[in-house]
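Everything below concerns the one structure shown next.
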Amino acid sequence: MSGKRYVTLTLKDKLKILSEAKCKQKSELCKKYGCSLNTLNIILRNESEIKSKASKWKLSSKRVRNGNNIDVERALQIWFEQMQSSGAVISTHMLMEKAEQLAQQMNCDFTPSTGWLWRWQQRQGIKLRKIHGEQKSADSNAAEDFLSSVVPNIISEYEEADIFNADESALFFKALPPKSLCKQGYRNTGFKSSKERVTLLFICNATGNYKKVIVIGKAKNPRCLKSKVSPLKYYSNQKAWMTADLWSEIILNLEEEMASQKRNIVLFVDNASCHKKPQNLKHINIQFLPANTTAISQPLDQGIIHAFKSYYRQNIVRKQIVAMELGKTVEEFSKSINILQAMHMSAVFGWLNQRLLKTVLKRRS
């Protein structure tokens with residue numbers, strides 16, 4: 001035995017060898033990369049194959065391995081590249097669903113798992129890339145003082161089912177998620193996202209047996225709602241914002257509803273300027289949260305609205321994949337979504353459970 005120890009070259013090293021072979025001697029390359037002359041000659045003979053693998057696999061890969069279901073994986077790879085080149089937003093859930101569909105179409109006895117999908121993504125060099133994001137800040141001291149000192153005294157007089165919370169959130173109902181899976185080295189430039197939005201008002205109680213979403217849009221009489229039964233209550237103004245007049249109307253309707261049920265409730269809301277207290281409320285005790293504490297003290301903002309939007313985006317992505325497989329572009333799909341469809345997707349309350357007002361209830365004395 002020669003006693004020499006050779007390293008296993010990565011695809012990146014092999015590409016460098018192919019590039020440097022045009023101007024350097026073979027002996028110099030063998031010394032630099034620690035490989036034998038025989039290995040170097042094999043690399044040079046397989047130039048086209050190596051470059052093809054480098055376009056499909058991670059450059060850090062040393063050995064290219066296939067899974068146990070090569071046909072399904074190759075079909076999924078082709079589908080993924082087609083969707084990626086079309087600008088589609090792709091999630092891991094979509095990859096799992098598509099792999100299962102392909103396996104059924106090819107009559108393969110194969111059920112995709114999260115472990116298999118992770119290994120497949122590693123082999124393909126596919127990662128979740130963020131397109132954009134945002135951060136929040138809050139007055140943690142004021143929130144802590146409010147939750148520990150004020151809230152327990154307020155909610156001590158009410159049953160859990162009578163502790164309510166309301167909060168608004170904008171929904172860009174045509175916009176796709178800000179992240180998409182893509183291959184390593186792929187420039188994820190994305191596309192122009194739709195800015196059409198509505199405002200959603202969430203009203204829920206602590207036990208989750210009361211939950212309501214109210215939609216505020218720009219159009220007074222949307223064309224898509226004509227001669228249709230709206231699944232949610234719809235209001236309008238020129239900017240699709242919550243206004244003091246709309247808020248008063250909604251609260252007075254809630255007051256009538258609570259009066260008919262002979263219930264007295266406490267309603268926690270933030271101190272937005274539009275949240276005015278209507279006069280002569282007998283069944284609703286409105287309590288305002290301290291300024292700049294929404295991210296901490298607002299119960300609906302502790303992941304509940306986020307869960308709702310995640311569910312909504314998941315449905316949007318599913319519809320997008322179906323549309324693009326039928327030949328539509330991302331822009332055509334976005335234009336096809338209207339307020340009525342958004343309301344139907346918003347009317348499903350699977351996102352709401354017993355965790356509502358969890359932060360407040362944990363502080364209850």
Side-chain angles (χ1 to χ4, degrees), residues 155 158-173 197-218 222 224-225 228-237 240-270 272 274-278 281-289 294 297-313 315 339-361:
I155 65 175
Y158 296 88
E159 297 293 329
E160 288 186 3
D162 294 327
I163 302 173
F164 279 61
N165 182 217
D167 192 22
E168 298 96 351
S169 181
L171 178 68
F172 293 88
F173 61 95
R197 66 169 177 82
V198 293
T199 295
L200 301 181
L201 172 65
F202 298 84
I203 304 177
C204 324
N205 70 345
T207 56
N209 57 18
Y210 184 100
K211 40 192 177 285
K212 180 181 292 186
V213 176
I214 295 171
V215 181
I216 304 172
K218 290 184 179 180
C224 61
L225 295 182
K228 300 288 177 63
V229 177
S230 175
L232 300 174
K233 186 67 176 177
Y234 179 82
Y235 294 89
S236 66
N237 63 56
W241 288 348
M242 175 63 75
T243 64
D245 290 339
L246 283 181
W247 173 257
S248 296
E249 184 178 348
I250 292 169
I251 292 300
L252 290 174
N253 289 337
L254 182 62
E255 167 78 7
E256 291 180 7
E257 184 180 351
M258 295 298 107
S260 65
Q261 299 177 14
K262 297 181 179 180
R263 294 175 65 180
N264 294 319
I265 67 171
V266 57
L267 176 65
F268 289 95
V269 296
D270 59 51
C274 61
H275 292 166
K276 303 294 184 181
K277 269 187 181 181
L281 290 180
K282 296 181 180 180
H283 299 273
I284 301 177
N285 176 15
I286 295 180
Q287 293 291 330
F288 293 106
L289 303 173
T294 297
S297 60
Q298 178 72 276
L300 274 163
D301 211 37
Q302 307 306 309
I304 297 171
I305 292 178
H306 173 75
F308 163 81
K309 289 187 176 181
S310 296
Y311 176 86
Y312 183 89
R313 297 299 173 210
N315 277 275
I339 289 179
L340 180 60
Q341 292 172 322
M343 290 170 73
H344 278 294
M345 285 188 282
S346 301
V348 181
F349 295 105
W351 48 271
L352 187 60
N353 56 37
Q354 299 290 329
R355 293 184 303 151
L356 184 58
L357 299 183
K358 182 178 180 181
T359 303
V360 173
L361 292 176

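Side chains included, hydrogens not; waters and symmetry mates left out as well; all remaining heavy atoms used. We're numbering straight along the sequence, starting at 1.
- Listed by chain and number, the residues in a salt bridge (Lys or Arg N to Asp or Glu O under 4.0 Å) with Glu257 are Lys212 (sequence neighbours excluded).
- His283 approaches Met258 most closely through the heavy-atom pair CB-CB, 4.0 Å.
- Checked against side chain to side chain donor-acceptor pair (under 3.5 Å), Glu168 has the following partners two or more places apart in sequence or in another chain: His275.
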Steps toward side-chain contact (heavy atoms from CB on, under 4.5 Å) verdict (Ile286, Leu281): CA-CA 9 Å; Ile286 295 180; Leu281 290 180; 3.9 Å; yes
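- The nearest pair of heavy atoms linking Lys218 to Tyr234 is N-OH, 3.9 Å.
- Contact of the Leu340 side chain with the Pro231 side chain is registered, since non-hydrogen atoms from C-beta on lie closer than 4.5 Å.
- By the side chain to side chain donor-acceptor pair (under 3.5 Å) test, Gln287 pairs with Asn285, sequence neighbours left out.
- Here the shortest heavy-atom pairing between Ser346 and Leu200 reads OG-CD1, 4.4 Å.
- By the salt bridge (Lys or Arg N to Asp or Glu O under 4.0 Å) test, Asp162 pairs with Arg263, sequence neighbours left out.
- In this structure, the ring of Phe268 has its center no less than 6.0 angstrom from the ring center of Phe164.
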Worked verdict on Tyr311 versus Asn315 for side-chain contact (heavy atoms from CB on, under 4.5 Å): CA-CA 6 Å; Tyr311 176 86; Asn315 277 275; 3.3 Å; yes
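- In this structure, CD1 on Ile155 lies 8.0 Å from CD on Glu160, to the nearest 0.5 angstrom.
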Residues Phe202, Lys211; criterion side-chain contact (heavy atoms from CB on, under 4.5 Å); working and verdict: CA-CA 7 Å; Phe202 298 84; Lys211 40 192 177 285; over 6 Å; no
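- No donor-acceptor pair under 3.5 Å is formed between the side chain of Asn165 and the backbone N or O of Cys204.
- The two atoms that bring Val213 and Leu232 nearest to each other are O-CD2, 3.6 Å, heavy atoms only.
- In this structure, CG on Asn205 lies 9.0 Å from CD1 on Ile163, to the nearest 0.5 angstrom.
- Scanning all heavy atoms of the two residues, the minimum distance from Ala166 to Ile203 falls at CB-CG1, 4.1 Å.
- Take Lys233 and apply the side chain to side chain contact (heavy atoms under 4.5 Å, CB included) test, not counting sequence neighbours, and it matches Ile214, Tyr235.
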Residues Leu254, Ile265; criterion side-chain contact (heavy atoms from CB on, under 4.5 Å); working and verdict: CA-CA 10 Å; Leu254 182 62; Ile265 67 171; 4.3 Å; yes
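- Val269 is listed as a side-chain neighbour of Leu267, based on a closest heavy-atom distance under 4.5 Å.
- Closest approach of Lys309 and Ser169 over heavy atoms only: NZ-OG, 2.7 Å.
- For Arg197 (side chain) and Ala240 (main-chain N/O), a donor-acceptor pair under 3.5 Å exists by modelled atom type.
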Stepwise ring pair (Phe, Tyr, Trp, His ring centres under 6.0 Å) check, Tyr312 with Phe173: CA-CA 9 Å; Tyr312 183 89; Phe173 61 95; 8.0 Å; no
Could you give the side-chain donor-acceptor pairs of residues 241-252 under 3.5 Å, partners two or more places apart or in another chain?
| unit_1 | atom_1 | unit_2 | atom_2 | d |
| --- | --- | --- | --- | --- |
| Thr243 | OG1 | Leu246 | N | 3.2 |
| Trp247 | NE1 | Lys276 | O | 3.1 |
| Ser248 | OG | Ala244 | O | 3.0 |

